[in-house]
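So the structure is just underneath, and the comments pick up after that.
Chain A is the first sequence line, chain B the second, and so forth, proteins listed ahead of strands; every chain is numbered from 1.
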Amino acid sequence: MERFLMKRTGRDFVDKEEVPTALGGDQGSVAKRARNQPRVGGHPAGPRWRHIQAEGLDCDYTVLFGKAEADKIFHELEEEVEYFTGALAKVQVFGKWHSVPRKQATYGDSGLTYTFSGLTLSPRPWIPVLERVRDRVSEVTGQTFNFVLINRYKDGCDHIGEHRDDERELAPGSPIASVSFGACRDFLFRHKDSRGKNRCREVEVVRLQLAHGSLLVMNHPTNTHWYHSLPVRRKVLAPRVNLTFRRILPTTKK
DNA sequence: TGGGGCGCAGCGCG
DNA sequence: GCGCGCTGCGCCCC
């Protein structure tokens, strides 16, 4: 028995094989699309999807990589990914500068630019391990991605606060694909109407656990209505690396 | 046996 | 989307 139990006030979606929504019954949009894809790479069947739905929230979850493959990818990411340092590793909130409580990096197609901390930047060019994960995600979702944001959480004290991803640079209606390696961490969604002092109604928090080798696809319009966060979990001692694949709009030439 | 104290999670705030 | 301060809660253990 764990000494400290999580206060459960929202909907929990715990990572279990026997989750009834995995195949058959309540199929999600990616699951439906993927089922209609041609089978690739000799797999007898596609991954087992769980569809996660709430008001304006539409996600699909699966464990995409088995342990051995996920371990290998995690190790490669630890060896190969080059994270931001200096000014790019800081953020200004309420006028005060802080080091972000995690490490970040971006990779993507050549010629792309994106805005980060008020600066226009180019992602680093793809490296083989990222291309391999990206292509596997494309294969099972039927979506293409030209950019990835990488977040590394060295332990349970590293975290990210509630936020929505900036949709201005995303291709309209495109999903965000989040692939996790390393420590399993809780992941929370909170409806925009149900947070802070401007809360106007109660909508249950949606809780997920993102396992080693897992893929969470956040479909439109999830990011429009829901904030997400990776809260502090002091008992987690191991690192986690998360890849969020996106399709961002090419820079407008003037 | 029970309650004080501790550590964690959650939330409001700037 | 940060840290701080405060509160509430559950468990440990004296």
Q | Which nucleotides of DNA chain C pair, in dot-bracket form (Watson-Crick or G-U under 3.5 Å, | meaning another strand) | A | .|||||||||||||
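Of the side-chain N and O atoms in A:Arg207, none sit less than 4.0 angstrom from OP1 or OP2 of B:dA9. Phosphate proximity of B:dG10 to A:Arg233: present, with a side-chain N or O under 4.0 Å from OP1 or OP2.
By the 4.0 Å N-to-carboxylate-O rule, A:Asp155 lies too far from A:Arg233 to be salt-bridged with it.
Just one residue in the list A:Arg164, A:His163, A:Glu162 forms a side chain to side chain donor-acceptor pair (under 3.5 Å) with A:His228, and that residue is A:His163.
Residue A:Asp155 contributes atom CG, which lies 12 Å from atom P of B:dC8 at whole-angstrom precision. We find that NZ of A:Lys235 is positioned 14 Å from C1' of C:dC12, with the value rounded to whole Å. If you measure from atom CD of A:Glu202 to atom C1' of B:dG10, you get 14 Å, rounded to the nearest angstrom. For A:Glu204 and B:dG10, the CD to P distance is 14 Å, given to the nearest whole Å.
With sequence neighbours left out, the ring-ring contact (aromatic ring centres under 6.0 Å, His included) criterion links A:Phe74 to no other residue. Checked against side-chain contact (heavy atoms from CB on, under 4.5 Å), A:Leu237 has no partners two or more places apart in sequence or in another chain.
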Could you tabulate the donor-acceptor pairs under 3.5 Å formed by side-chain atoms of residues 125-133 of chain A, not counting sequence neighbours?
from	atom 1	to	atom 2	distance (Å)
A:Trp126	NE1	A:Asp109	OD1	2.7
A:Arg132	NH2	A:Glu69	OE2	3.3

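Grouping Ile, Leu, Val, Met, Phe, Trp and Tyr by side-chain contacts under 4.5 Å, direct or through others, puts A:Val91 with A:Val93, A:Phe94, A:Val100.
Between A:His225 and A:His191, the ring planes are parallel. Angles under 30° get that label, and only those over 60° would be called perpendicular.
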Measure all distances between protein nitrogen or oxygen atoms and nitrogen or oxygen atoms of nucleotides 1-3 of chain C, and list the pairs falling under 3.5 Å.
from	atom 1	to	atom 2	distance (Å)
C:dG1	N7	A:Glu162	O	2.9
C:dC2	OP1	A:Arg102	NH1	2.4
C:dC2	OP1	A:Arg102	NH2	3.0
C:dC2	OP2	A:Gly161	N	2.4
C:dG3	OP2	A:His159	NE2	3.3

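With hydrogens and angles disregarded, a donor-acceptor distance shorter than 3.5 Å links the side chain of A:Ser214 to the backbone of A:Ala211.
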